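These notes concern the structure reproduced below.
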Amino acid sequence: MQLGMVGLGRMGGNMAERLRAAGHEVVGYANDGSGDAASLDELVKALAAPRTVWLMVPAGEATSSTVNRLAELLEAGDLVVDGGNSKFTDDTVHAELLDRTGVRYVDCGVSGGVWGRTEGYGLMAGGDAGDIERLLPVFDALRPEGPREEGFVHAGPVGAGHYAKMVHNGVEYGLMQAYAEGYELLSAGGPVDNVGAVMKAWSRGTVVRSWLLDLMVRALEADPHLDRITGYAEDSGEGRWTVDEAIVHAVPAPVISAALFARFASRQVDSPAMKAVAALRAQFGGHATHKAGDAANEPPTGG
């Protein structure tokens with residue numbers, strides 16, 4: 001197939017390379033001028049109708065403005081795929097906008113990160129069955145080797161792909177937090193003298209083996225005590241949206257919620273909430289407080 005790829009960053013650029021390696025023709029565009037086309041207009045003109053344009057740009061305004069521009073440039077029968085991390089509610093808006101001129105729309109959650117170019121990408125697509133069928137050669141080139149159903153899913157109508165990816169990322173938050181807490185406990189001063197070796201020994205045969213664990217082992221082999229980084233973790237939005245949806249549908253999600261809040265805590269040098277806790281303990285129990293900048297640890301005294 002021939003397709004245009006809008007956005008050639010860490011994900012989009014690697015996806016374009018994997019598609020080309022599989023024999024597809026990719027015309028790339030990036031707003032930093034690194035692509036084959038100098039503008040969206042030029043990219044559309046370089047594609048033969050019916051066109052397929054795949055977006056890998058940041059969620060929110062960047063995606064919406066790109067879809068709006070493509071709505072002006074594309075023609076009936078063309079197809080837009082949003083492979084970024086858009087919120088699933090945006091998909092309906094984008095699909096309806098494009099539908100006014102007969103342009104088709106598919107949303108596709110993409111997982112695989114920087115390893116996807118060689119290992120393949122997990123794909124979760126939402127849209128009409130006919131549009132999904134049309135895109136199968138692209139999906140098959142991007143997904144990992146093996147049975148299609150183990151790396152690709154047509155999750156449902158428009159919005160279902162990004163919804164599936166949102167929940168996937170919420171689960172990822174919980175898994176990452178569990179491994180992180182295990183790492184901290186192993187490192188806290190108990191009898192274990194090689195934390196990295198212990199976690200590596202979990203990578204075969206145990207019930208907690210996973211690709212995320214493999215990546216944790218890789219990180220510890222490169223930096224055994226993680227001295228080269230700070231404990232500051234961003235969140236890209238999907239974790240918040242997952243918790244929001246859990247509330248809407250009254251689904252208990254304590255692990256995902258706690259993992260999201262742990263990321264918020266990582267950004268606080270001196271937690272205002274814990275200052276309040278310390279003040280309350282001093283008020284009701286006369287427990288000692290520490291002056292600002294004092295790193296001493298108060299021995300546990302209850303309360």
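Note that the coordinates shown come from a computational prediction; the quantities given were computed from them, not determined experimentally.
- Closest approach of Trp202 to Arg209, counting heavy atoms only: O-CB, 3.6 Å.
- At distances below 3.5 Å, not a single donor-acceptor pair connects side-chain atoms of Gln2 with backbone N or O atoms of Val26.
- Residues Asp223 and Asp227 form a side-chain contact, since some pair of their non-hydrogen atoms from C-beta on lies under 4.5 Å apart.
- Side-chain atoms of Asp91 and Tyr105 form a donor-acceptor pair, as typed in the model, at a separation below 3.5 Å.
- The structure places CG of Asn85 at 6.5 Å from NE2 of His162, a figure rounded to the nearest 0.5 Å.
- By the rule that hydrophobic residues join a cluster once side-chain heavy atoms approach within less than 4.5 Å of another member, Tyr121 and Val138 end up as members of one cluster.
- Between Val195 and Ser187, the closest heavy-atom pair is CG2-OG, 3.6 Å.
- For the pair Thr52 (side chain) and Leu3 (backbone), a donor-acceptor distance under 3.5 Å is absent.
- Using a 4.5 Å heavy-atom threshold, the side chains of Glu245 and Phe88 count as touching.
- Side-chain atoms of Arg267 come within 3.5 Å of backbone N or O of Ala233 as a donor-acceptor pair.
- The pair Glu75-Arg51 counts as a salt bridge, with a side-chain nitrogen and a carboxylate oxygen less than 4.0 angstrom apart.
- Using a cutoff of 4.0 Å between basic side-chain nitrogens and carboxylate oxygens, Arg69 and Glu72 are scored as salt-bridged.
- By the criterion of side-chain heavy atoms lying less than 4.5 angstrom apart, applied directly or through intervening Ile, Leu, Val, Met, Phe, Trp or Tyr residues, Val153 is not grouped with Val167; the two fall into different hydrophobic clusters.
- Residues Tyr173 and Glu238 bring no donor and acceptor atom of their side chains to less than 3.5 Å of each other.
- With respect to Asp82 and Arg104, no salt bridge is recorded, no charged nitrogen being found less than 4.0 Å from a carboxylate O.
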### Task
Please step through salt bridge (charged side-chain N to carboxylate O under 4.0 Å, His left out) for the pair Asp78 and Arg134, ending with a clear verdict.
CA-CA 11 Å; Asp78 292 344; Arg134 171 176 165 181; 5.4 Å; no
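- Heavy-atom contacts from other residues, nucleotides or ligands closer than 6.0 Å to CD of Glu133 number 12 or fewer.
- Checking Ser34 against Asp32 by side-chain atom types alone, a donor-acceptor pair falls below 3.5 Å.
- In this structure, the side chains of Val106 and Val158 stay at 4.5 Å or more apart for every pair of heavy atoms.
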### Task
Please step through side-chain contact (heavy atoms from CB on, under 4.5 Å) for the pair Phe152 and Glu150, ending with a clear verdict.
CA-CA 6 Å; Phe152 167 81; Glu150 293 181 5; over 6 Å; no
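- Contact annotation: the side chain of Leu215 approaches that of Trp115 to within less than 4.5 Å [non-hydrogen atoms, C-beta and beyond].
- In this structure, the separation between CE on Met5 and CE on Met11 is 9.5 Å, given to the nearest 0.5 Å.
- Hydrophobic clustering places Val103 together with Val67 (ILVMFWY residues linked when any side-chain heavy atoms are closer than 4.5 Å, directly or through intermediates).
- Looking at Met124 and Cys108, their side chains never come closer than 4.5 Å, going by heavy atoms from C-beta outward.
- Note that CG of Asn68 and CD of Glu61 are 8.0 Å apart. Values are rounded to the nearest 0.5 Å.
- Checking side-chain atoms of His24 against main-chain N and O of Leu19 turns up no donor-acceptor pair under 3.5 Å.
- The structure places CZ of Arg263 at 6.5 Å from CG of Asp235, a figure rounded to the nearest 0.5 Å.
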### Message
Please evaluate residues Glu17 and Arg20 with respect to the criterion salt bridge (charged side-chain N to carboxylate O under 4.0 Å, His left out), reporting the C-alpha separation (whole Å), side-chain torsions for both, the decisive distance (0.1 Å), and the verdict.
### Response
CA-CA 5 Å; Glu17 289 305 308; Arg20 288 180 178 128; 3.0 Å; yes
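- Atom CH2 of Trp211 has more than 12 heavy atoms from other residues, nucleotides or ligands within 6.0 Å.
- Taking 4.0 Å as the cut-off between side-chain N and carboxylate O, Asp214 and Arg204 do not count as a salt-bridged pair.
- Using a 4.5 Å heavy-atom cutoff, the side chains of Met199 and Tyr183 are in contact.
- Neither Val208 nor Val255 shares a network with the other; the hydrophobic side chains, linked directly or stepwise wherever heavy atoms of I, L, V, M, F, W or Y lie under 4.5 Å apart, form separate groups for each.
- The environment of Glu42 atom CD is dense: over 12 non-hydrogen atoms of other residues, nucleotides or ligands sit within 6.0 angstrom.
- Side-chain atoms of Arg18 come within 3.5 Å of backbone N or O of Ala141 as a donor-acceptor pair.
- Using a 4.0 Å cut-off between charged nitrogen and carboxylate oxygen, Arg218 and Glu221 do not count as a salt-bridge pair.
- Arg117 CZ: 12 or fewer foreign heavy atoms inside a 6.0 Å radius.
- With contacts defined as side-chain heavy-atom distances shorter than 4.5 Å, the pair Val110/Met15 qualifies.
- Counted within 6.0 Å of NE2 on His249, heavy atoms from surrounding residues, nucleotides or ligands total more than 12; the atom is thus considered enclosed.
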### Message
Apply side-chain contact (heavy atoms from CB on, under 4.5 Å) to residues Arg143 and Arg148 and explain how you reach the verdict.
### Response
CA-CA 8 Å; Arg143 66 175 176 82; Arg148 180 185 288 162; 3.7 Å; yes
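- Checking side-chain atoms of His168 against main-chain N and O of Ser111 turns up no donor-acceptor pair under 3.5 Å.
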### Task
Go through the steps to decide whether Leu8 and Tyr29 satisfy the test side-chain contact (heavy atoms from CB on, under 4.5 Å), and finish with yes or no.
CA-CA 7 Å; Leu8 301 172; Tyr29 165 70; 6.0 Å; no
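- Residue Pro144 comes nearest to Glu119 through the heavy atom pair CB-O, 3.5 Å, listed as atom of the first residue, atom of the second, then distance.
- Residue Arg10 qualifies as open at atom CZ: its count of foreign heavy atoms under 6.0 Å is 12 or below.
- With rounding to the nearest 0.5 Å, the separation of CG in Leu70 from CG in Leu55 is 6.0 Å.
- The 12-atom threshold is not exceeded at CD of Glu145, counting heavy atoms of other residues, nucleotides or ligands nearer than 6.0 Å.
- In terms of heavy-atom proximity, Ser86 sits nearest to Thr63 at OG-CG2, 3.8 Å.
- Asp99 places no side-chain N or O within 3.5 Å of a backbone atom of Gly102 that could act as its donor or acceptor partner.
- In summary, of the residues considered (Val6, Val53, Asp36, Val44), a side-chain contact (heavy atoms from CB on, under 4.5 Å) with Val27 occurs for Asp36 alone.
- Separation of atoms CZ (Arg240) and CD1 (Ile256) is listed at 15.5 Å; rounding is to 0.5 Å.
- Closest heavy-atom contact between Leu43 and Gly28: CD1-C, 4.1 Å.
- Of all the heavy atoms in His154 and Gly156, the pair that sits closest is NE2-O, 3.1 Å.
- One hydrophobic cluster, built from ILVMFWY side chains closer than 4.5 Å, cannot hold both Phe264 and Val277; they sit in different ones.
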